[in-house]
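Before any comments, here is the structure.
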Amino acid sequence: MNLSFYQLHHDVVFSRSNGKIIWQPRIGCWYDDKMFSGEGLPPPYTGMDIWQVYDQLGCSARLYEFNSCFKRIEHSSVHVTDKPLNETDTETTIHTAVGNQTVITRKTINSPHQIVLKWEVESSDELKVATWREENATWQWDQDRFDNLQNKIGHLGAPTMFMPRMNVQCLYIEKMGVEKGVYAMYEMPEQVESFFQALEENHDRLIDVINSSPVDIINFGENIHASTLSPDLFVKYHLPACQRRCEKLHSAGKFVCSHWDGDVKALLPFVRETGLNGIEAITPEPQGDVTLMEIREALGDDMFLLDGIPAVYFDDTYPVEALIECTELLIELFAPKLVLGISDEISSTGDIERIRIVGEIVNKYNRQFE
Amino acid sequence: MNNLLTQIAFCIEKGKADLNSPYPPVLKGENGASELTKEAIDSGISADQILKQGLMPGMNRIGERFSKGEAFIPDLLMSARAMNAAMEHLQPHFDSGDIQHRGTLILGTVAGDLHEIGKNVVRMVLEGDGWKVLDLGVDVTVERFSETLRDNPDSIIGMSALLTTTMGTMEQSVNQIKQQSPQTQIYVGGAPLTQEFSDKIGADGFFPDPHSFAKHLAAQT
């Protein structure tokens with residue numbers, strides 16, 4: 001196995017790279033959308049799987065596939081059934097010893113994703129079931145899976161995983177949707193906070209497994225957006241939970257970052273209080289709501305930026321010079337605390353060849369440290 | 001009378017829907033927008049006055065704070081909930097023609113895009129500013145926009161997109177509707193969009209937040 005990107009990734013985040021940085025563009029959306037639409041990949045990538053595309057592009061990948069090494073084990077009474085309601089809609093029922101939850105989703109020909117018509121939690125009873133599930137779920141490590149992944153894709157980067165979302169973000173994105181989530185937090189706070197407590201204790205059990213594992217790069221896959229996770233909610237719920245998590249993960253020497261891919265200006269003043277080593281996917285102008293200088297000032301000298309190039313710079317709506325200028329400025333401002341990537345991913349309308357241009361700039365920059 | 005309308009506006013701005021709502025904690029146990037609106041109607045204040053001097057100022061104030069970055073979507077959602085509680089008492093007056101909407105907005109997230117929160121916030125702010133909003137939801141095809149426009153020919157259209165990949169769909173939708181109905185105003189919004197993009201695709205305007213959109217529309221009516 002060629003360990004070059006594995007080693008470089010590890011060395012960069014643990015500040016052992018002697019100044020070098022790493023280029024890790026995420027191309028999952030580009031790949032998945034092209035496969036979903038039936039368009040297929042353009043030459044020379046035709047017929048390749050995503051890992052072969054990375055090999056062809058000559059760059060590192062952020063290997064969140066290692067998530068699958070951490071298996072959530074539900075209480076033995078929990079089982080799931082699906083019932084088609086019509087050609088497009090499916091009702092999924094989660095049966096448990098203390099009651100059921102139902103989810104209704106709709107397939108659409110326009111997107112690989114499904115529309116949620118009914119969320120997993122839309123009533124007080126369903127929130128009680130969700131709380132009970134968190135109280136009773138445990139986690140297991142899958143060494144065979146880890147070994148297989150290492151053999152297959154380990155040369156592309158260091159093993160990486162993202163933890164399940166914390167309190168508010170879990171409520172918004174996984175359980176209730178934003179609107180119902182907000183109403184629940186403000187109108188039945190005690191019950192929601194019991195759920196948050198059970199969720200955090202469940203995640204503590206996962207951290208015990210993570211800390212005994214060889215996966216050293218841990219992301220909180222939060223998808224934070226300041227418009228929905230307002231500063232008030234951030235300070236009340238997210239920040240203290242994040243600090244507690246970081247402390248536990250740091251005790252085992254892990255690198256910890258979080259995925260903030262929406263508007264972030266209102267939350268940047270708190271970023272150095274989080275305990276995180278870095279922030280992934282902060283999106284600067286013209287796509288996001290902050291400048292690179294504002295990000296630099298907020299992160300200070302100790303925190304890493306992961307990503308940083310607005311995805312729109314890979315589209316032909318922007319000249320390639322804008323991409324080059326942004327890349328050079330990012331390196332100037334953030335190296336060596338930089339895992340360069342795309343905020344948040346190259347889209348299916350993006351020019352994949354622009355990934356090579358950034359790669360050349362990074363390689364040239366890194367050569368001075370050889 | 002003015003005091004009652006001021007209190008309604010305050011409850012809407014702060015998101016106090018009714019007596020039973022525990023939010024905001026400082027107003028727990030107090031009457032909310034629902035009770036105060038009923039009291040205003042019972043005391044003979046016209047529905048139009050309640051709408052224009054109670055509900056609209058409340059929603060405008062929270063919308064303005066949102067556009068300045070001083071309020072956030074949870075605040076807007078709670079205000080919209082309070083406004084809806086008040087609106088239940090005004091609905092019969094809309095139905096009878098005592099009060100009229102400023103106009104009709106057909107709203108949707110374009111096909112292939114399933115993001116809804118930005119679009120929903122626009123709906124809430126515009127409803128609070130006196131518009132009738134026909135919310136078509138997410139993943140809305142150009143055919144659905146066109147059909148709804150055929151049934152509501154004097155409407156304006158608001159299109160949302162959060163994905164760069166669906167900006168192309170937005171362009172096609174705008175082109176197709178403009179070909180069929182050149183006089184229809186189409187406005188666009190969403191994180192990756194700009195005024196430049198709006199100009200390029202032939203839309204009538206881009207607004208970065210719902211309040212500036214509402215202000216623009218109000219200036220036209």
Side-chain angles (χ1 to χ4, degrees), chain A residues 29-30 33-34 36-37 105-117 168 172 177-183 185-190 225-234 261-263 265-267 283 285-289 310-315 317 344-350, chain B residues 15-18 20-25 28 66 68-82 84 109-118 120-121 123-124 137-142 162-169 171 190-197 200-201 208-210:
Chain A
C29 283
W30 177 86
D33 281 358
K34 289 194 181 302
F36 175 78
S37 69
T105 52
R106 173 170 293 167
K107 280 189 250 176
T108 164
I109 56 169
N110 300 313
S111 170
H113 307 291
Q114 299 195 348
I115 301 171
V116 179
L117 301 178
V168 182
Y172 284 167
V178 173
E179 291 178 55
K180 293 185 176 73
V182 167
Y183 299 144
M185 277 188 290
Y186 288 141
E187 292 184 350
M188 43 184 209
E190 293 86 7
H225 177 39
S227 279
T228 49
L229 183 63
S230 63
D232 286 351
L233 292 171
F234 184 90
D261 60 344
D263 287 349
K265 183 174 267 185
L267 299 179
T283 311
E285 293 178 353
Q287 200 169 351
D289 70 336
V312 290
Y313 283 165
F314 291 83
D315 280 27
T317 46
D344 158 48
E345 294 201 29
I346 186 171
S347 74
S348 55
T349 54
Chain B
K16 176 69 175 173
D18 57 35
N20 294 327
S21 171
Y23 182 85
K28 197 171 177 181
F66 181 79
K68 287 180 186 165
E70 296 167 359
F72 299 87
I73 284 175
D75 308 307
L76 267 178
L77 289 171
M78 296 310 288
S79 289
R81 197 166 177 85
N84 288 336
T109 306
V110 299
D113 202 326
L114 309 185
H115 292 88
E116 66 175 353
I117 190 67
N120 289 356
V121 168
R123 184 193 71 223
M124 293 166 193
V138 299
D139 192 32
V140 180
T141 60
V142 65
L162 195 77
L163 302 171
T164 55
T165 47
T166 50
M167 288 163 68
T169 310
E171 182 171 7
L193 274 55
T194 59
Q195 183 59 50
E196 192 183 4
F197 176 76
K200 178 178 161 253
I201 66 173
D209 64 83

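The sequence lines fix the lettering, A, B, ..., with proteins before strands; numbering per chain opens at 1.
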Original post:
Is it the side chain or the backbone of B:Ser21 that comes within 4.5 Å of chain A heavy atoms, both, or neither?
Top reply: side chain
**OP:** Apply side chain to side chain contact (heavy atoms under 4.5 Å, CB included) to A:Glu179 and B:Ile73, showing your working.
**Re:** CA-CA 9 Å; A:Glu179 291 178 55; B:Ile73 284 175; over 6 Å; no
Subject >> Interatomic spacing from OG1 in B:Thr141 to CG in A:Asn110 - rounded to 0.5 Å >> reply: 7.5 Å
Subject >> Pairwise distance OG(A:Ser230) to CG(B:Leu76) - rounded to 0.5 angstrom >> reply: 11.0 Å
**OP:** Give the member of B:Ala17, B:Pro22, B:Ala71 that has the highest number of heavy-atom pairs under 4.5 Å with chain A.
**Re:** B:Pro22
Original post:
Can you tell me how far OG1 of B:Thr194 sits from CD of A:Gln287, rounded to the nearest 0.5 angstrom?
Top reply: 11.0 Å
Subject >> Which residues share a ring pair (Phe, Tyr, Trp, His ring centres under 6.0 Å) with A:Tyr313, sequence neighbours left out >> reply: A:Tyr318
Subject >> From B:Asn20 atom CG to A:Glu187 atom CD, the distance as rounded to the nearest 0.5 Å >> reply: 10.0 Å
Original post:
Where do B:Phe72 and A:Ala226 come nearest, in terms of heavy atoms and distance?
Top reply: CD2-O, 3.3 Å
**OP:** Using non-hydrogen atoms and a 4.5 Å limit, figure out which bit of A:Phe36 sits close to chain B: side chain, backbone, both or neither.
**Re:** neither
Original post:
For B:Ile117, is it the side chain, the backbone, both, or neither that has a heavy atom closer than 4.5 Å to a heavy atom of chain A?
Top reply: side chain
**OP:** Count the heavy atoms of every other residue, nucleotide or ligand shown that sit under 6.0 Å from CD of B:Glu70, and state whether that count exceeds 12.
**Re:** yes
Original post:
Checking A:Leu233 against chain B: side chain, backbone, both or neither under 4.5 Å from a heavy atom?
Top reply: side chain
**OP:** Name the region of B:Thr169, side chain, backbone, both or neither, that has any atom closer than 4.5 Å to a heavy atom of chain A.
**Re:** neither
